[in-house]
Amino acid sequence: MDHETLFLAGIFLLPLAFVSFVSAWTHGHKPVFASSLLILSILLIAFVAYDRPEGMFRIAEIPTLTTQFVARVAALF
């Protein structure tokens with residue numbers, strides 16, 4: 001996979017981890033799934049920051065990267 005896709009996956013898993021954490025907390029459960037999502041998203045973002053020669057993507061690039069990703073997926077159909 002390319003760096004853009006991995007970075008977007010990590011970025012978009014962060015809000016899901018937060019929602020899962022809040023849901024587990026309100027129901028009195030241990031946030032095991034939320035913790036695993038959080039760790040996975042941090043690992044994906046850290047891998048991109050480490051492996052990409054240009055370094056980390058900027059926050060301002062997320063809308064452009066998302067649009068490019070959607071266009072690539074739409075081009076497959």
I'd like to check the salt bridge (charged side-chain N to carboxylate O under 4.0 Å, His left out) partners of D51; sequence neighbours left out, ordered by chain and number.
none

Just grab all the salt bridge (Lys or Arg N to Asp or Glu O under 4.0 Å) pairs involving residues 68-77, residues at least two apart or on different chains.
D2-R72

Which pairs of donor and acceptor atoms, one on a side chain in residues 54-61, lie under 3.5 Å apart (sequence neighbours left out)?
residue : atom : partner : partner atom : Å
E54     : OE1  : R52     : NE           : 3.3
E61     : OE1  : R58     : N            : 2.7

Using atom types as modelled, flag every donor-acceptor pair under 3.5 Å from a side chain in residues 7-24 to any protein atom, sequence neighbours excluded.
none

Sequence neighbours excluded, the answer for side chain to side chain contact (heavy atoms under 4.5 Å, CB included) partners of I39 is L43

Please, which pairs that meet side chain to side chain donor-acceptor pair (under 3.5 Å) have at least one residue in residues 24-36, sequence neighbours excluded?
none

